[in-house]
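Reviewing the structure listed below.
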Amino acid sequence: MSVIVYSTAIALFAWIIYYRKAAAPQKVKLPYVEFDDGDNSAERYRSDYEAILRKGYEQYTSKGLPYSMKDPNDPNRPVAMLPMKYLEEVKWIPEERISFWKHIDKQSILTQIGGPGITEEVARAARQGLNKALAYLIEDVQRACDVAYTKEMPSCPEWTTILPYPLIMKVFAGMSARTIVGPELCGFDSEWQQLSMEYVRNALSSPGKVKVAYPQWLYWLAQYTDSGIRKMRRIQRRASQILNPVLQNRIAATEELKVIGQKSRGPRKYEDGVQWLLDAHSAHGKELSTTQLARDLFVMMTASIHSTTGAGLCILLDMMDHPDMIHEILDEIQRVQGTLVGGIWTRAALGELRLLDSFMRESARFHALTQYMAVQRIPTTPWTFKDGLQIPAGTTFAFPSFHHNFDPTIHSKPEVFDAKRHLRKRGNLSDTHKYHFASASEDSVNWGAGRHACSGRFFAQETLKLMLMRLLMNYDIKHDKTSEDTPRFLNHNLFVIPNPALPLLFKERKRAV
Ligand code: HEM
């Protein structure tokens with residue numbers, strides 16, 4: 001008897017050892033960079049990743065060498081930081097092999113708590129639907145911008161304190177509602193807008209709480225116990241209801257078009273996120289339910305709201321540090337505005353705002369569109385680069401976008417904010433797609449790269465131009481001396497965001513420009 005018990009115990013012990021070894025993630029074999037002074041606490045990393053990335057850039061990536069460091073999204077294995085020479089090899093590898101969406105899942109944990117994730121249909125709707133229809137949407141988006149400013153901006157005949165972050169966010173939400181759900185639900189402060197903003201708020205705040213309160217294997221439980229996540233589910237149910245008639249309209253319009261057999265060159269009856277998602281699902285032979293529609297639209301909102309707001313505020317803050325440029329930018333705006341028919345902006349006209357565009361791209365270079373690293377990917381099976389570098393399955397690798405932006409071999413005098421830098425670069429080029437704000441050109445990976453490069457970046461570019469123009473033309477803006485101690489930027493792990501609590505002073509111009 002005791003022999004049986006003894007043998008069983010040994011077998012069990014051996015199995016546990018084997019299982020733990022098999023389950024333990026394989027570690028990447030690269031030099032590990034950490035803080036020299038011995039303080040490698042979680043808090044230190046949260047607020048000072050930039051220092052580690054700078055050290056890694058100086059010692060390794062700028063010299064074409066990879067290294068590893070603590071991954072804020074994965075306590076079990078480090079992230080591999082790669083020099084740019086590896087980028088081409090992974091840009092176009094299929095998602096199933098080198099995954100971006102798994103990185104998003106790891107970072108946001110939304111799919112692990114019952115929330116939505118990026119899908120092929122979401123990516124396709126933005127890449128093909130939004131980008132193709134963008135030229136037709138500018139007029140409506142401009143109108144939504146005007147309505148939002150009129151409603152949100154207080155009267156300020158004298159210098160008035162305003163928090164620009166929530167202002168920009170609200171205005172962008174108005175513009176994106178028109179684009180994402182179309183004319184039926186997009187009214188300013190409509191139920192859709194309130195639901196979607198509340199959803200995004202919870203989708204961004206709840207995962208952090210879950211990560212602290214639960215071990216990873218119990219994350220799934222939070223969808224039943226966490227009030228924020230339960231709220232997201234309630235919002236999703238209500239959103240599905242109000243989206244139903246909108247979806248039916250898109251289905252009917254698509255059927256009508258099939259019957260007429262019309263292959264028109266212009267916009268269809270509806271050009272919006274609901275239509276593009278319907279197109280994308282149909283293209284994959286899938287039926288689109290209202291629940292899936294709500295989830296997909298919320299993914300788009302979550303991807304776009306704070307990223308665009310953050311980039312917009314970075315640009316505004318840079319403008320205040322370079323007031324000399326504001327006059328030149330205003331001259332350019334007025335010159336182009338003079339060519340508009342009925343004061344309506346077009347994509348072509350927005351494209352003529354080359355100085356404003358160059359300023360925006362320089363701001364994006366300085367602040368890396370609020371992220372220290374880019375092109376984060378996770379191999380689904382072990383990946384070997386051509387030179388033999390191996391990345392184990394499940395280990396994130398990434399590229400150092402922020403420090404790349406300050407590399408003197410890429411940009412001359414990188415520490416100088418040079419608003420005309422990209423204008424000069426574009427000057428002699430026949431390729432008009434390069435070096436404008438939304439370009440994923442080779443001198444920057446701020447927008448990512450390859451098959452997953454941000455598909456909403458052209459929309460972000462045009463909405464930011466419309467929003468910034470309206471502010472510059474109507475208001476003088478300056479820093480509030482009483483809030484000099486308020487930090488302008490906040491570090492959080494791999495993000496550096498303009499402080500949402502930073503107030504600025506606004507004063508109406510005597511005569512709007
Ligand atoms: C300034 C604003 C924005 C910034 C800084 C930004 C940044 C990014 C970045 C860095 C990526 C990952 C790219 C990669 O790793 O290769 C990305 C992907 C994506 N973005 Fe944006 N984004 C912005 C605005 C938007 C907007 C307005 C939308 C939609 C309307 C959007 C939708 C998406 C989608 C769907 C993806 C995933 C693409 C794919 O997997 O194929 N983004 N974005």
Side-chain angles (χ1 to χ4, degrees), residues 82 87 90-96 98-108 116-134 137 141 168-169 172-173 175-181 196 200 272-274 276-277 280 295-316 360-361 363-365 367-378 396-399 401-402 405 437-440 444-468 494-498:
L82 305 186
L87 187 61
V90 289
K91 264 164 86 171
W92 300 103
I93 305 293
E95 163 68 20
E96 301 74 47
I98 298 276
S99 176
F100 168 57
W101 304 340
K102 279 195 190 306
H103 156 69
I104 294 293
D105 288 347
K106 207 186 219 184
Q107 182 177 277
S108 76
I118 307 181
T119 60
E120 194 51 53
E121 288 76 31
V122 170
R124 188 184 170 115
R127 203 166 45 235
Q128 297 189 1
L130 172 60
N131 289 334
K132 233 163 108 184
L134 188 50
L137 292 170
V141 168
I168 297 174
M169 186 162 75
F172 178 74
M175 298 163 95
S176 81
R178 163 60 193 89
T179 311
I180 282 184
V181 284
S196 57
V200 172
D272 48 49
V274 183
W276 308 321
L277 282 165
R295 288 166 73 87
D296 288 352
L297 292 172
F298 285 146
V299 170
M300 280 192 191
M301 294 288 294
T302 311
S304 60
I305 287 278
H306 286 279
S307 52
T308 311
T309 305
L313 184 50
C314 286
I315 299 166
L316 197 61
M360 289 163 64
R361 188 166 174 86
S363 174
R365 184 181 74 81
H367 309 289
L369 292 174
T370 72
Q371 291 200 48
Y372 284 124
M373 60 167 73
V375 197
Q376 291 108 320
R377 302 286 188 266
I378 300 182
T396 306
F397 67 80
F399 294 83
S401 49
F402 181 85
N405 291 345
F437 178 68
S439 308
S444 155
V445 284
N446 292 334
W447 293 106
R451 83 172 47 245
H452 294 295
C454 176
S455 35
R457 63 192 192 276
F458 302 99
F459 180 66
Q461 171 178 279
E462 310 307 19
T463 47
L464 282 169
K465 281 186 183 170
L466 289 167
M467 285 194 287
L468 290 164
L494 297 170
F495 293 85
V496 51
I497 55 162

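When a ligand or atom number is given, it counts from 1 through the structure's own listing order. None of the values given here were measured: they were computed from a predicted structure.
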Only heavy atoms of [X], strictly under 4.0 Å: list the atoms of ligand 1 that pass.
{"X": "Val375", "answer": "15 (O)"}
{"X": "Ala311", "answer": "1 (C)"}
{"X": "Trp101", "answer": "39 (C), 40 (O)"}
{"X": "Asn446", "answer": "10 (C)"}
{"X": "Ala453", "answer": "13 (C), 16 (O)"}
{"X": "Phe100", "answer": "12 (C), 15 (O), 37 (C), 40 (O)"}
{"X": "Leu369", "answer": "5 (C)"}

I need the nearest protein heavy-atom contact for [atom]: residue, atom name and distance, please.
{"atom": "atom 30 (C) of ligand 1", "answer": "Leu130 CD2, 3.8 Å"}
{"atom": "atom 27 (C) of ligand 1", "answer": "Ser304 CB, 3.2 Å"}
{"atom": "atom 35 (C) of ligand 1", "answer": "Ser455 OG, 3.5 Å"}
{"atom": "atom 23 (C) of ligand 1", "answer": "Ser307 OG, 3.4 Å"}
{"atom": "atom 39 (C) of ligand 1", "answer": "His452 ND1, 3.3 Å"}

Inset, instruction - Output yes when a side-chain donor or acceptor of Arg377 lies under 3.5 Å from a complementary backbone atom of Phe397, and no otherwise. - result: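 Not confirmed, Arg377 side chain does not pair with Phe397 backbone.
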
Legend entry - Whether Arg178 side chain and Leu137 backbone form a donor-acceptor pair below 3.5 Å: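 Not at all, since once roles are kept as given, no pair shorter than 3.5 Å links the two residues.
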
Inset, instruction - Output yes when the distance from some N or O of ligand 1 to some N or O of Thr308 is under 3.5 Å, and no in every other case. - result: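 Between Thr308 and ligand 1 (N or O atoms, distance only) the closest approach is not under 3.5 Å.
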
Legend entry - Nitrogen or oxygen of Ala449 less than 3.5 angstrom from that of ligand 1: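 Yes: some nitrogen or oxygen of Ala449 is under 3.5 Å from one in ligand 1.
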
Any idea which part of [X] is under 4.0 Å from ligand 1, heavy-atom wise: side chain, backbone, both or neither?
{"X": "Thr463", "value": "neither"}
{"X": "Trp447", "value": "both"}
{"X": "Arg127", "value": "side chain"}
{"X": "Arg377", "value": "side chain"}

Inset, instruction - May I ask whether Leu464 places a heavy atom under 4.0 Å from ligand 1? - result: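 For ligand 1, residue contact (heavy atoms, under 4.0 Å) with Leu464 is absent.
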
Legend entry - Arg451 near ligand 1 by a heavy-atom separation under 4.0 Å: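 It does; at least one heavy atom falls under 4.0 Å.
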
Would you say [X] and [Y] make side-chain contact, with heavy atoms under 4.5 Å?
{"X": "Trp101", "Y": "Glu120", "value": "yes"}
{"X": "Met175", "Y": "Leu466", "value": "yes"}
{"X": "Thr370", "Y": "Cys314", "value": "yes"}
{"X": "Ile305", "Y": "Met169", "value": "yes"}

Inset, instruction - Scan Asp296, Asp272, Ile180 and name whichever one has a side chain to side chain contact (heavy atoms under 4.5 Å, CB included) with Leu277. - result: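 Among Asp296, Asp272, Ile180, the one that satisfies the side chain to side chain contact (heavy atoms under 4.5 Å, CB included) with Leu277 is Asp296.
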
Inset, instruction - Kindly indicate, with the supporting measurements, whether the criterion side-chain contact (heavy atoms from CB on, under 4.5 Å) is fulfilled by Phe100 and Ile118. - result: CA-CA 9 Å; Phe100 168 57; Ile118 307 181; 4.0 Å; yes

Please give me the minimum heavy-atom distance between [X] and [Y], naming the atom from each residue.
{"X": "Asn446", "Y": "Asn405", "value": "OD1-ND2, 3.1 Å"}
{"X": "Met300", "Y": "Ala125", "value": "CE-CB, 3.7 Å"}
{"X": "Phe437", "Y": "Ala364", "value": "CE1-CB, 3.9 Å"}

Legend entry - Step-by-step side-chain contact (heavy atoms from CB on, under 4.5 Å) determination, Ser176 to Met301: CA-CA 8 Å; Ser176 81; Met301 294 288 294; 4.0 Å; yes

Legend entry - Test side-chain hydrogen bond (donor to acceptor under 3.5 Å, both in side chains) applied to Ser99 and Lys102, Glu95, His103, Glu96, the passing residue: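 Result: among Lys102, Glu95, His103, Glu96, Glu95 is the only option passing the side-chain hydrogen bond (donor to acceptor under 3.5 Å, both in side chains) with Ser99.
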
Inset, instruction - Compare Ala125, Gly456, Ala438, Cys454 and give the one whose heavy atom is closest to atom 21 (Fe) of ligand 1. - result: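 Result: the heavy atom closest to atom 21 (Fe) of ligand 1 is in Cys454.
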
